[in-house]
Chemist: 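I have a structure here, written as structure tokens, and I will follow up with some questions on it.
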Amino acid sequence: TVVRPPRLTRGELEDVIAGGAFVIDTRSADAFAKAHAVGTVNIPLNSAFTTWAGWTSPYDRAFYLIVEEGCDHCIDDAMRDLSMIGLDWVAGYADGSVIRDEALAGETVSTLEISPAELADRLARGVVNVIDVRGRAEWDSGHIAGARNIPVGYLADHIADLPTGSPLVLQCQAGARSAIAASILQAHGVSDVFNLTGGIAAWESAGYPVRRESAGAQEA
């Protein structure tokens with residue numbers, strides 16, 4: 001039997017976020033992109049939840065969850081999945097209605113998306129940096145020229161290494177991992193972030209080129 005953690009009021013969630021606690025928003029990537037609490041990380045509650053939660057969440061301290069509004073079983077499902085990988089320190093959770101109500105004392109923010117055509121235009125003008133958050137084997141199979149490869153699971157450790165001065169576009173294969181990556185950067189205070197709609201699959205489908213050489217000297 002899953003033992004539910006306490007349900008947080010809006011004020012309690014505000015205090016948790018203000019205190020710097022790790023907060024996972026388990027709502028869909030689309031819902032998170034439209035509006036989310038500053039400082040939260042989006043790991044949608046789907047078949048890949050344990051993979052990315054296990055790679056990005058702290059195992060040595062308490063953390064908190066935000067679940068889909070109106071989904072009574074979501075907190076139980078999330079708790080069960082997390083317990084399977086040893087993440088048992090869920091100290092509380094909040095319903096997504098606190099985001100809908102835009103009632104957090106801090107601000108809610110959105111995650112901007114960029115189309116392949118818009119990205120191609122900005123790359124041509126040299127006014128954007130691309131971070132490819134796929135694995136190395138995927139990168140080797142084809143990547144956008146000028147992109148830098150930092151797999152999503154290592155992104156939080158490389159915040160200080162990211163290029164500055166231009167917006168960052170996060171890109172993966174189809175857009176799901178890069179949405180998580182964008183939320184990680186936003187949670188770390190990197191605000192000028194875009195997610196490439198449809199990932200490199202959409203980029204190639206639109207007829208834009210990829211490179212299939214070693215990542216060796218590639219830098220953003």
Chemist: Is D140 paired with R136 through a side-chain N to carboxylate O contact shorter than 4.0 Å?
Modeler: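 Yes, this pair counts.
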Chemist: Locate the shortest heavy-atom distance separating F22 from T56; write the atom from each residue and the value.
Modeler: CZ-O, 3.5 Å
Chemist: Could you grab the distance from atom CD of Q186 to atom CG of D192, nearest 0.5 Å is fine?
Modeler: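 Answer for the CD-CG pair, Q186 versus D192, is 10.0 Å.
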Chemist: Return the CG to CD1 distance between L8 and I66, rounded to the nearest 0.5 Å.
Modeler: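 So the CG of L8 and the CD1 of I66 are separated by 9.0 Å.
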Chemist: Just verifying a value: how many Å separate I131 CD1 and Q171 CD, rounded to the nearest 0.5 Å?
Modeler: 9.5 Å
Chemist: Could you walk me through whether V169 and R122 satisfy the side-chain contact (heavy atoms from CB on, under 4.5 Å) test, starting with their C-alpha distance in whole Å, then the side-chain angles of each, then the deciding distance to 0.1 Å, before giving a yes or no?
Modeler: CA-CA 10 Å; V169 173; R122 294 195 186 197; over 6 Å; no
Chemist: Any donor and acceptor pair, going by atom type alone, linking the side chain of H143 with main-chain N or O of R212 inside 3.5 Å?
Modeler: no
Chemist: Is L155 reachable from Y59 through a run of I, L, V, M, F, W or Y residues, each pair having side-chain heavy atoms under 4.5 Å apart?
Modeler: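 Yes: a chain of side-chain contacts under 4.5 Å links Y59 to L155.
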Chemist: Mind running side-chain contact (heavy atoms from CB on, under 4.5 Å) on V98 and E14 for me, showing each step along the way?
Modeler: CA-CA 10 Å; V98 298; E14 291 168 5; over 6 Å; no
Chemist: Quick check: do L123 and Y208 have side-chain heavy atoms less than 4.5 Å from each other?
Modeler: no
Chemist: Identify the two heavy atoms, one from A29 and one from A179, that lie closest to each other, and give their separation to 0.1 Å.
Modeler: CB-CB, 4.2 Å
Chemist: Which heavy atom of W203 sits nearest a heavy atom of V210, and at what distance?
Modeler: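 Shortest heavy-atom separation between W203 and V210 comes out as CD1-CG1, 3.9 Å.
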Chemist: Taking the basic N atoms (NZ, or NE/NH1/NH2) and the acidic carboxylate oxygens, is any pair closer than 4.0 Å for R125 and D121?
Modeler: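 So R125 pairs with D121 through a salt bridge.
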Chemist: Which residues pass the side chain to side chain donor-acceptor pair (under 3.5 Å) test with E68, sequence neighbours left out?
Modeler: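 Expected list: none.
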Chemist: Measure the CZ-CZ distance between R177 and R134 for me, rounded to the nearest 0.5 Å.
Modeler: 7.5 Å
Chemist: Looking at CG of L13 and OH of Y64, how far apart are the two atoms once the value is rounded to the nearest 0.5 Å?
Modeler: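 Here the rounded value is 10.0 Å.
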Chemist: Please table the atom pairs, donor to acceptor, closer than 3.5 Å between any side-chain atom in residues 112-119 and protein atoms at least two apart or in another chain.
Modeler:
residue	atom	partner	partner atom	Å
E113	OE1	T197	OG1	3.3
S115	OG	E118	N	3.1
S115	OG	E118	OE1	3.2
E118	OE1	S115	N	2.9

Chemist: Just by modelled atom types, is the E138 backbone N or O under 3.5 Å from a matching donor or acceptor in the S141 side chain?
Modeler: yes
Chemist: I would like to know whether D76 and R80 meet salt bridge (charged side-chain N to carboxylate O under 4.0 Å, His left out); could you show each step before the answer?
Modeler: CA-CA 6 Å; D76 299 325; R80 188 177 298 108; 5.8 Å; no
Chemist: Return yes if some donor-acceptor pair links the side-chain N/O of R7 with the main-chain N/O of Y93 below 3.5 Å, else return no.
Modeler: no
Chemist: Would you say the side chains of D95 and S97 form a donor-acceptor pair under 3.5 Å?
Modeler: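 Note: D95 and S97 side chains meet the donor-acceptor criterion.
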Chemist: Check whether N42 reaches the backbone of D25 with its side chain - one donor and one acceptor, N or O, closer than 3.5 Å.
Modeler: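 Present.
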Chemist: N129 side chain to L168 main-chain N or O, any donor-acceptor pair under 3.5 Å?
Modeler: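 Side chain of N129 to backbone of L168: no pair is present.
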Chemist: I need the L65 CG to I75 CD1 distance, nearest 0.5 Å.
Modeler: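 Interatomic distance, L65 CG to I75 CD1, rounded to 0.5 Å: 4.5 Å.
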Chemist: Under a 4.5 Å cut-off applied to non-hydrogen side-chain atoms, are V109 and H36 in contact?
Modeler: yes
Chemist: Provide the closest heavy-atom pair for S57 versus I24 in the form atom of the first, atom of the second, distance.
Modeler: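 Smallest heavy-atom distance, with atoms named: OG-CD1, 3.3 Å.
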Chemist: Just wondering, do T40 and I17 contact through their side chains at under 4.5 Å, heavy atoms?
Modeler: yes
Chemist: Please say yes or no: joined through hydrophobic side-chain contacts below 4.5 Å, possibly via intermediate residues, are V23 and F32 part of one cluster?
Modeler: no
Chemist: Restricting to non-hydrogen atoms, name the atom on L45 and the atom on C74 that form the minimum distance, rounded to 0.1 Å.
Modeler: CD2-O, 3.5 Å
Chemist: Same cluster or not: are I144 and V127 linked, directly or through other Ile, Leu, Val, Met, Phe, Trp or Tyr residues, by side-chain heavy atoms under 4.5 angstrom apart?
Modeler: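 I144 and V127: separate clusters.
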Chemist: Pairing donors with acceptors under 3.5 angstrom, does anything connect the side chains of S178 and N195?
Modeler: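 A donor-acceptor contact under 3.5 Å links the two side chains.
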Chemist: side-chain contact (heavy atoms from CB on, under 4.5 Å), that's the test. Do V130 and L196 meet it? Break it down for me.
Modeler: CA-CA 9 Å; V130 178; L196 177 61; over 6 Å; no
Chemist: Pair F63, L82 - check side-chain contact (heavy atoms from CB on, under 4.5 Å), show working.
Modeler: CA-CA 11 Å; F63 60 97; L82 292 170; 4.0 Å; yes
Chemist: If you look at every heavy atom in I200 and G142, which pair is closest and at what distance?
Modeler: CD1-O, 3.4 Å
Chemist: Does any pair with a residue in residues 150-197 pass ring-ring contact (aromatic ring centres under 6.0 Å, His included), and if so which ones, sequence neighbours excluded?
Modeler: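 The answer is W55-Y154.
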